[in-house]
Peer 1: 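I have a structure I would like to understand better, so I am pasting it below and will then ask my questions one at a time.
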2 protein chains.
Amino acid sequence: MGAAFLLTQLGTHCASKFAERVQAIGLTPPQVGILGLIARAPGQSQQSVATTLGLLPSRLVAFVDDLEDQGLVERVRSSKDRRNYALELTTAGKRKLAEIGRVGAEHEKDICGVLSESERAELIATLRRLANDQGLIAGVHPGFRSLNRARGAEAS
Amino acid sequence: MGAAFLLTQLGTHCASKFAERVQAIGLTPPQVGILGLIARAPGQSQQSVATTLGLLPSRLVAFVDDLEDQGLVERVRSSKDRRNYALELTTAGKRKLAEIGRVGAEHEKDICGVLSESERAELIATLRRLANDQGLIAGVHPGFRSLNRARGAEAS
DNA sequence: TATTGTTATACTCTATAACTATA
DNA sequence: TATAGTTATAGAGTATAACAATA
């Protein structure tokens, strides 16, 4: 069993576990990505967020609708270019983001509990090398775009 | 960025890359899993394969249909219990399995190319520890069952 | 004419449930 | 009555394309 298959296996498992955790606080993984992106660069347009996450604009609308219904995000019409919205986090949105951080920390602990702190650091360093080599963008999940068929099974 | 998120990110990427490679030889990832399972234990029933892979029986039928059309798998009626089939690999199926092995090796090389052999071995050992700790079954992909929503985005 | 956001529609994938044949 | 395999149907999730408003 090679490293690539183990990565697929563990990656799928991690994604699934994380999805369960954020579902418990009323969010989907893409919404977590959206909230994080707005926090990093407030005032972004929906187009900008969609492009970064590799989400179709039409899908983003529904996610942002829900976030707005939950009172976590605000759509503010830009006065300069009234075609686009500036996305902002509300106070509740910032609180939710902190909550996501706690959930993420629990998740990390769940997954890496068997490792010592130095082992975990070494694993992170190795994974980061692989991710860089593959051209993956730090902090941006590659799985939101049309990759439904993209699940692997062991080769041999 | 924690190890859990990196695993999700890399895992999704690996799954996607592997899916592309097997598609080039006319297979989907679940079919690769099915072929491998039949190779390990020839004569299994479809029910058995479906249970192991976490696939619904109704989904399995279509996959096996296609494998049979490609001449890779044979459905042989069991003479003892004529309700179930014994799944067998044809000669072409065994050849295809060897091909899958080569594709898997290329895939491993693509993903781990930047690592030295000892680094790769250490990574495999660490990942195996994590997988065991999480209760994952060696060689069986956890992503075939109703986990569509199970994709993660970075927490913070 | 091009772009942002939106809605409407179509399509794919997956799950549920009904059906047959054997036991 | 229960089980293996199959088929039919319905549902969820996603992509494509048309639309209104603004530039």
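Model, not experiment: these values are computed from the prediction. Chain letters run A, B, ... following the sequence lines, proteins first and then strands; every chain starts at 1.
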Peer 1: Less than 3.5 Å apart, any donor N or O on the side chain of B:Gln31 or B:Asp66 sitting next to an acceptor on the other?
Peer 2: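 Looking only at side-chain atoms, B:Asp66 and B:Gln31 do form a donor-acceptor pair, the distance falling under 3.5 Å.
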Peer 1: Does the salt bridge (Lys or Arg N to Asp or Glu O under 4.0 Å) test come out yes or no for A:Glu117 and A:Arg120, once each step is laid out?
Peer 2: CA-CA 5 Å; A:Glu117 195 47 46; A:Arg120 193 176 73 92; 3.0 Å; yes
Peer 1: Quick one: A:Leu60 CG to C:dT7 P, roughly how many Å, whole number?
Peer 2: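 A:Leu60 atom CG is separated from C:dT7 atom P by 13 Å.
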Peer 1: Name the pairs: protein N/O against N/O of nucleotides 4-7 of chain D, kept only if under 3.5 Å.
Peer 2:
residue, atom, partner, partner atom, Å
D:dG5, OP1, B:Gln46, N, 2.9
D:dG5, OP1, B:Tyr85, N, 3.2
D:dG5, OP2, B:Gln46, N, 3.3
D:dG5, OP2, B:Gln47, N, 2.5
D:dT6, OP1, B:Arg75, NH1, 3.1
D:dT6, OP2, B:Gln46, OE1, 3.1
D:dT6, OP2, B:Gln46, NE2, 2.8
D:dT6, OP2, B:Arg75, NH1, 2.7

Peer 1: How would you list, by chain and number, every residue that makes a side-chain hydrogen bond (donor to acceptor under 3.5 Å, both in side chains) with B:Ser116, sequence neighbours excluded?
Peer 2: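 Checked B:Ser116 against side-chain hydrogen bond (donor to acceptor under 3.5 Å, both in side chains); matches are B:Ser118, B:Glu119.
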Peer 1: Just verifying a value: how many Å separate B:Lys17 NZ and B:Leu10 CG, rounded to the nearest 0.5 Å?
Peer 2: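 The distance works out to 11.0 Å.
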Peer 1: Using atom NZ of A:Lys80 as one end and atom P of D:dA21 as the other, report the distance to the nearest whole Å.
Peer 2: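 Whole-Å distance recorded here is 25 Å.
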Peer 1: For B:Leu56 and C:dA17, what is the distance between atoms CG and P respectively, to the nearest whole Å?
Peer 2: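 Whole-Å distance recorded here is 12 Å.
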Peer 1: Please list, chain by chain and in numerical order, all residues satisfying side-chain hydrogen bond (donor to acceptor under 3.5 Å, both in side chains) with A:Glu68, sequence neighbours excluded.
Peer 2: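 Here the qualifying residues are A:Arg75.
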